[in-house]
Amino acid sequence: MSEEKSLNFIEEIIEADLKSGKYQSIVTRFPPEPNGYLHIGHATSICLNFGLSKRFGGYTNLRFDDTNPVTEETEYVESIKQDVAWLGFEWKNELYASDYFEQLYGFAVKLIEKGFAYVDDLSAEEIASLKGSHTEPGKDSPYRNRSIEENLRLFSEMRAGKYKDGEKVLRARIDMAHPNMLMRDPIIYRIKHAHHHRTGDAWCIYPMYDFAHGQSDSIEHVTHSICTLEFVPHRELYDWFIEKLEIFPSHQYEFARRNLTYTVMSKRKLLQLVNDKHVDGWDDPRMPTISGMRRRGYTPEAFRDFCDRVGIAKRENIVDVGLLEFCVREHLNKIALRRMVVFDPLKVVLTNYEEVLGEVEMLVGEDNPEDPNSATREIPFGRELYIERDDFMENPPKKFFRLFPGGMVRLKHAYIIKCDEVVKDEAGQITELRCTYIPESKSGNDTSGINVKGTLHWVSANNNVTAEVRLYDRLFKVEDPSSEEGDFKDYINPNSLDVVATVYAEPALKNARMDDRYQFLRKGYFTLDTKDTYGRLVFNRTVTLKDGWAKEQKKSS
Ligand code: ATP
Ligand code: MG
C-alpha cells in the first residue's frame, strides 16, 4: 500500500485508535473455517488483515475457526496455509479455535455463575417457535429460571456425555423481547457426538460461532476484528459476551464481501462444481480459488495489486473480473519470458535459403523486451518453417498486414520474407507456401531498406518441441450467476476449456520451468501446468494478451 493513497474507513479507525493512545500497536487475524479451499474473496480479507498490521505496526494471526467438528478437514488446513504463504504474508501465530475449548468452557461456566446462561431442554424447533419475530417479542423457555446450581450440574453433565445430540443446549440469558433477534437468548453450546479433526473425541459439546469467535479474538488480544457485513447484527452479541465476561475488549468492524463478475464465490457452490465434475477439482484453473488461479498462472503480485486497487467498501458491490485480469497482465508483461509457439501450422519453404548439412543458423531473441537487462535465447532458423495458418490469406481484405501472395512480412527475430507461390492438395487445401527470404534484412542488422507492416511469429519445422495448450475462458456465461433465475449451474459456459493437443514451440521451451511465466508471442500468457502431465509439456493459458471477451460481447450484441 502506498503512503500517498487515501485511507479506507478501517484504516481511518485504526489511525485514530493509535493517535488517541487506545492501542500502541494493532493485532488482526485471518480466521478461515477449514471447510474448503480459499477463494479470491478470502484473498481480499487476507490482504486487508495482513496489510493493516504491516502498515500500522503489529501482527496478524492465522486462526482456524474449527469449532464445528463435522465439516472440517486437515486437507483444508494445509491448503489454506499454503495459499496464505503463497500470497506473500507471514502470520505471527498459527492458532486453532479448538485449542480454546477448555477456556471457552470456562467462560460458559462463568456466565452461568453470573446468572447469564442456562441449560434449556427444549428442542431446536421449540426454541425457534418461541423466538418471536421482528414485530413480535419472543417467549421465555420454561427452563429459563433454573437455579445456578442446577445449570452448573446440567452443563457439566452435558460435557460428560450424559445426553444425546439435541437433548439439551446452553443459552445466554439476555432478553427474549430484544429488538435484535440474535440477542433473544442465543444458543451458545450444543451437544454433538462427533469426532473433531484436532480434539478427537475429547468433546461432545461444541460452542456456537458467536460464542467462539469474539472470545477467541479476546484471548489473542486482537484489537481490530474485521469481518464481512453479514456479521453486523452479531456485533451486539459479540460486545455483550465480552462485557459480561470482563475479558480483553476486542472490537468487530465490517466491510462488504468481495464479489466478482462471471464468478461464484461461496464455498458451498464451489464444492458443487467440484462434486458434480463441472471442473476437475478445487484447483481447476477456471476456479476462483487461490489454488486454481495459481495453477492458471496468476501471481501473488497481481492478487495484491488487485486488492489494493479495489480497496474495501461498506456496501455490497460486484467488481469486474476484467480488472483482476488487467492486474495479471500488468505483472506478467513485466516478468514473462517471450517465446514463439505456432498453434495451427502452415509450412513455409524458403526456396532461396541454402542449408548447410549439419549446421543450423541460430538467431537471437531477448527473453523480455520490457527488461533492460533481459537475457536472450537462441532460436533455430531453417529452410522449412511453420507460421500460423490464419496469418496467411489468399485473397486478403484491405489492411491485412500479414502474409498473402506477393506480399511481404517480417519473421520475428529473423528475416523479411516474400510469398511467391501457394501450393495446394487435390482438395484445394493449402499445404505449403513457397517464399523467398531477403538475406540483408536480418533483425538487428537490416540493410535491406524494405519496410513491412506485419511481423509474424514462427518456428523451425525441423527444430521444435511439441506441447499441449489449454485455453480457458470464463466459467459462467452471465455476469452474476448467483442472482439469475434458477440454478447457478444452468449458467455454466460450455466452452470454458479448449484443448489444443499439439502446438509447435521453439526449442527453448523444452526446459520450461514451473516458476517461470511465458508470453507466447501474439497468443497470450502461459504457464506450465502443475499436474500429472507425464513428462509432456502442458501449458495453461493464464490470460489473453488483450481483452478478447469484451470485443466478443460487443460483436454479438
Ligand atoms: P464462504 O461464504 O465462501 O463459505 P466464509 O465466510 O464462510 O466463506 P470463512 O472461512 O468463514 O469463509 O472466511 C474467512 C474469512 O474470510 C472471514 O473473515 C470472512 O469474512 C472472509 N471472507 C470470506 N468470503 C469473503 C469475500 N467474498 N470477500 C471478503 N472476505 C471474505
Ligand atoms: Mg464461514
Side-chain angles (χ1 to χ4, degrees), residues 8-10 27-53 60-68 70-73 75-81 83-84 87 89 91 94-98 197 208-210 212-214 216-217 220 222 224-235 238 250-275 282 287-293 303-304 306-308 310-319 321 324 480-483 488:
N8 67 45
F9 68 97
I10 292 179
V27 180
T28 60
R29 86 286 171 266
F30 174 63
E33 191 179 343
N35 63 350
Y37 284 69
L38 297 183
H39 50 59
I40 176 87
H42 295 113
T44 307
S45 174
I46 293 167
C47 290
L48 177 61
N49 279 297
F50 284 89
L52 288 171
S53 62
T60 302
N61 288 334
L62 174 61
R63 182 207 311 146
F64 291 99
D65 206 339
D66 60 349
T67 52
N68 180 3
V70 195
T71 55
E72 287 144 11
E73 286 178 35
E75 173 198 345
Y76 296 132
V77 168
E78 290 311 314
S79 77
I80 289 168
K81 280 160 57 177
D83 288 352
V84 176
L87 279 175
F89 297 108
W91 52 89
E94 176 185 334
L95 302 164
Y96 294 81
S98 59
H197 79 125
M208 303 296 286
Y209 173 87
D210 283 318
H213 203 92
S216 303
D217 287 342
E220 295 167 16
V222 168
H224 299 80
S225 172
I226 298 156
C227 59
T228 40
L229 285 179
E230 69 271 23
F231 290 98
V232 168
H234 296 250
R235 194 197 313 134
Y238 183 105
S250 299
H251 288 285
Q252 175 184 305
Y253 303 90
E254 309 86 10
F255 73 104
R257 297 181 86 79
R258 165 79 57 248
N259 302 304
L260 271 190
T261 55
Y262 301 100
T263 311
V264 296
M265 206 86 93
S266 105
K267 277 184 266 188
R268 192 176 48 80
K269 287 181 180 155
L270 297 177
L271 185 62
Q272 279 184 55
L273 293 175
V274 173
N275 287 343
W282 283 99
M287 289 282 270
T289 51
I290 296 177
S291 49
M293 292 177 158
F303 271 101
R304 295 198 301 261
F306 172 72
C307 292
D308 250 20
V310 182
I312 55 165
K314 286 185 190 174
R315 292 224 193 117
E316 286 279 338
N317 61 356
I318 179 160
V319 176
V321 68
L324 176 59
D480 189 3
S482 304
S483 73
F488 77 97

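Each ligand, and each atom within it, is numbered from 1 in the order the structure gives.
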Pro32 heavy atoms, cut-off 4.0 Å: which ligand 1 atoms fall inside? 10 (O), 14 (C)
Would you say Thr44 has any N or O atom under 3.5 Å from an N or O of ligand 1, going by distance alone? no
Going by the rule salt bridge (charged side-chain N to carboxylate O under 4.0 Å, His left out), which residues pair with Glu75 if we only count those two or more places apart in sequence or in a different chain? none
Going by salt bridge (charged side-chain N to carboxylate O under 4.0 Å, His left out), name the residues that satisfy it together with Arg258, two or more places apart in sequence or in a different chain. none
Any salt bridge linking Lys267 with Glu33? Criterion: basic side-chain nitrogen under 4.0 Å from a carboxylate oxygen. no
Is it true that Phe30 lies under 4.0 Å from ligand 1, counting heavy atoms only? yes
Does ligand 1 have any atom sitting under 4.0 Å from a heavy atom of His39? yes
Contact check: Arg257 vs ligand 1, nitrogen or oxygen atoms, below 3.5 angstrom: yes
Option nearest atom 19 (C) of ligand 1 (shortest heavy-atom distance, choices Leu271, Asp65, Thr228): Thr228
Side chains of Tyr262 and Asp480: donor-acceptor distance under 3.5 Å anywhere? no
Taking heavy atoms and a distance under 4.0 Å, where does Phe255 meet ligand 1: side chain, backbone, both or neither? side chain
Is it the case that ligand 1 has an N or O less than 3.5 angstrom from some N or O of Asn35? no
Side-chain donor-acceptor contact under 3.5 Å, Arg29 with Ser225: yes
Could you tell me whether the side chain of Trp91 reaches within less than 4.5 Å of the side chain of Ile46, counting heavy atoms only? no
Can you name the atoms of ligand 1, numbered from 1 with element, that are less than 4.0 Å from a heavy atom of Met265? 3 (O)
Quick one: which of Arg29, Lys267, Lys269 has a heavy atom closest to atom 4 (O) of ligand 1? Lys267
Mark up the atoms of ligand 1 that fall under 4.0 Å of a heavy atom belonging to Ser266, in ascending order. 3 (O)
Within the structure, does Glu230 bring an N/O atom to less than 3.5 angstrom of an N/O atom in ligand 1? no
Could Glu94 and Lys81 be called an ion pair, given the rule that one side-chain N must be under 4.0 Å from one carboxylate O? yes
Give a yes-or-no answer on whether the side chains of Glu316 and Asn259 include a donor-acceptor pair shorter than 3.5 Å. yes
